[in-house]
Amino acid sequence: MSDEAAPTPGNFIRHIIEDDIKANKHEGRVATRFPPEPNGYLHIGHAKSICLNFGVALDYSGSCNLRFDDTNPHKENIEFVESIQQDVRWLGYDWGDRLFYASDYFEQLYEAASELVQAGKAYVCDLTAEQTREYRGTLTEPGTPSPFRDRSVEENLDLLSRMRAGEFEDGVRVLRAKIDMASPNMNMRDPTLYRIRHGVIHHQTGESWCIYPMYDFTHPVSDALEGITHSLCTLEFADHRPLYDWVLDNVSVPCHPQQIEFSRLNLEYTVMSKRKLTELVDEGRVAGWDDPRMPTIAGLRRRGYTPESIRDFCTRIGVSKSENTVQMGMLENCIREDLNEHAPRRMAVIHPLKVVITNYPEGQVEQLDVANHPQDESLGKRTLAFTGELYIDREDFREEAPRKYKRLVSGGEVRLRNAYVIRCDEVIKDAHGEIIELHCSYDSATLGANPEGRKVKGVIHWVSAVHGVAAEVRLYDRLFTAPAPDSSKDGRDYKDFLNPDSLRTVTHCMVEPALAGAEAGERFQFEREGYFCVDPSPGEHATLVFNRVVTLRDSWAKIEQQQNP
RNA sequence: UGGGACGUCGCCAAGUGGUAAGGCCCGGGGUUUUGAUCCCCGUAUUCGCAGGUUCGAAUCCUGCCGUCCCAGCCA
C-alpha cells in the first residue's frame, strides 16, 4: 500500500517536449494551457486534456494557464466559467494567477486584424453565409475567389472600423484572411476571422464589442501572447495547424507556439460530445450536469469518484494519436483500487429480510468490536450491536440452493459477517407465498471462532433490526445500453440507447448505526455490495441517501450467469 | 474522386534497425469471517496486407487495404 504516485509514462508529446528542452527551444521553457470554451460542463475527456497540460507543466517545471476560449457569447455563460474552475481545482490542479480569457485580448486581436488588412492579407467580405459556402468549393473542387477579395487596403480598413463601430447588421459582412481559395485544405480557403454579433451580452466584455473573432484567429494569437510553448489540442484540429501557423507568421506576436494534436478520449457506454450532453440535460433525460450517471467531472464527483482515481485513469489510458474507445472497466478499476485501499467498511442491507434468532436471549444486545478495514488497522474500529432480530439481504437467502450457492438456505448454515454462525430453521411466508421472515438459531460458540466439526463457507452481511438506520440507496448503471451509442449504423439516435435501468432507487434500506452521522461526500465500502458515497447534493434529504459509486467485483455473478444463460 | 491523420493481444498502450514492455479485461490456482482484497501462473513465434532493402525489419522503401477527421459567419 503506497500513496506514491506512479511515474507518468512517457508519450509522444512528452518526447517532443524533452527534445525541445534539450535543444533549448523556447529557452528551455515549457508553458501549456487548458483552453475550454465555457459552453458546458467539463467531462472525463477534458480531464484527459487537463491532466496532460497541467501534468506536463508540473513535470517539466513549467506553467499551465487556464484560459477561457470565450469568443462566441451566444453559447457561453458565467455558470460554465464557474463550474469549469471548480472542476479543474477539484481535480487537483492550480493555475495560480494565470486565469485568462481570450476576451482579454479582444483589443490586441483587433489590432492584429488591422495589421493583416494593412498588409493586404485580410479583407472585408460582403457575401452572405450561404454564398460563402458556395464560393468555398468542395472537398474535390477548388473554391472561387470572393468578388470582394481585391478591395483596397483603405476600403478594408474603413469597413473593418465601421464593423467594429456597429454600422452593419449581423451577417452582412465578415473579415476574412486572404490565403488560397484553391487550397486542398478547406481551412485555408480564406477563412473567416471576424463576424458581427449584435445584441448579446458577453459574460466578460458586456456590450463593448459587436464583432467577435473566430477560434482560428483567436487561438494562435492568445497562445502567443501568453508565451505558450506547446499548444496541445485534439486531432480534429490537425487540419487547422497550417492556419494556426499562418496567423502567427503574418501577425506581430512575441513567439510562435507549437501546436501538437492528440486523440480525444472515447468511453464505452456513454457519449462525450458537449452537444449531446447538453441535450441530455436540457431535455431532462438526466437530473442535471452533475447527475451521477453523466461522464462529467461534476457527475463523477457526485457519483463518488475521487480526483485521484480520475487522474490515475488519465495516466493509465495514455496519450497517443490513435482513435480509441476505452472500456468502462478501466475507469471502474481505478475507483475500485482507490476506494478498496481507503474506504472504511460498513454493512448495509439494501433489500431487507427479517431474521429472528429464536435461541438468542430475549432483549440481549452485544457490542461487537469490528475493524473498519480488513488490511489497514490505521482506519480504526467501530462497535456493532448484535441482537436477536436483524435484517439480511433477500439476495442472500434461497429456499433451494442453486449449484455453488454458499449463502443461507433452508436448513443450512451461514456466517453472519463479524458475528455468529446461524442456521435457518423455518421460513415464514405471507398469504401470497412471499417470504416475510426467517426463524434461525445461532451457535453461541462461533463468535470469532470456527464451528466445531463442520465448515461454514458462506458469509453474509446483516444489520440489527433495533439499531439499524433507514436509508435510501441509488443504484447506478451505465447510461446507455450500447458500447457506442452515438455511432449506430442503422440510423438510430444515441437517445434510442438510453438505459431505462440506469438508476434504481431503493428506499427502505437498513444500514448499520455507524453510518447515521455520515457526512455528504463520505465514501464507504458496503461489504459484499460495493462502494457508496453519501449524496453530496446540497440537500433536503429527509433520510440518508447513498449513491453507489461502483459494485465490487462479483465472481458469483459470473458463475450465476454461466449457470442460467 | 482533394487534403490531413491513424492501423502492435478483446480494450488502452510502450516500442524509433538487434529479435514484441506494462495496465485493464479474461482463464487457472492459493490465502481469506467481504464469492472483495491480496498472491502466484497463463494469455501476440507476431505488429492491417503484399512485396522490397538488410546478416537482421513492428521499426527503412514501394504498393495496396481499412478506419477516422475536414466543405460553421462553432470551438
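Basis for what follows: all heavy atoms, side chains included, without hydrogens, waters or symmetry-related copies. Within every chain, numbering begins at 1; the chains are lettered A, B, ... in the order of the sequence lines, protein sequences first and strands thereafter.
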Pairs under 3.5 Å (N/O, protein and nucleotides 7-10 of chain B):
unit_1 : atom_1 : unit_2 : atom_2 : d
B/rG10 : N2     : A/Q327 : OE1    : 3.0

Nucleotides 26-32 of chain B: which of its N/O atoms have a protein N/O under 3.5 Å away?
unit_1 : atom_1 : unit_2 : atom_2 : d
B/rC26 : OP1    : A/K558 : NZ     : 2.7

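Residues of residues 232-243 of chain A that place a heavy atom closer than 4.0 Å to RNA chain B, in numerical order, are A/E236, A/F237, A/A238, A/D239, A/H240. Within residues 162-180 of chain A, the residues that place at least one heavy atom under 4.0 Å from RNA chain B are, in residue-number order, A/G171, A/V174.
Within the structure, salt bridge (charged side-chain N to carboxylate O under 4.0 Å, His left out) pairs that include any residue of residues 309-331 of chain A comprise A/E261-A/K321, A/D312-A/R316, A/R316-A/E337 (at least two apart or interchain).
Listed by chain and residue number, A/K22 satisfy the side chain to side chain contact (heavy atoms under 4.5 Å, CB included) test with A/D19 (two or more places apart in sequence, or in another chain).
Counting heavy atoms of neighbouring residues, nucleotides and ligands inside a 6.0 Å radius, atom CD of A/Q367 exceeds 12 of them.
In this structure, the nucleotide among B/rG15, B/rU34, B/rC12 sitting nearest to the side chain of A/V459 is B/rU34.
Contact of A/R528 with B/rU34 (side chain to base): no donor-acceptor pair of N or O atoms is detected under 3.5 Å.
By the rule that a glycosidic angle within 90° of 0 means syn, B/rG72 counts as syn.
Using a 4.0 Å heavy-atom cutoff across all strands shown, A/G448 reaches at least one base atom of the nucleic acid.
The aromatic ring centroids of A/F480 and A/Y269 lie 6.0 Å or more from each other.
For the pair A/R67 and A/F34, the NZ or CZ position fails the cation-pi test of under 6.0 Å to the six-membered ring centre and within 45 degrees of the ring normal.
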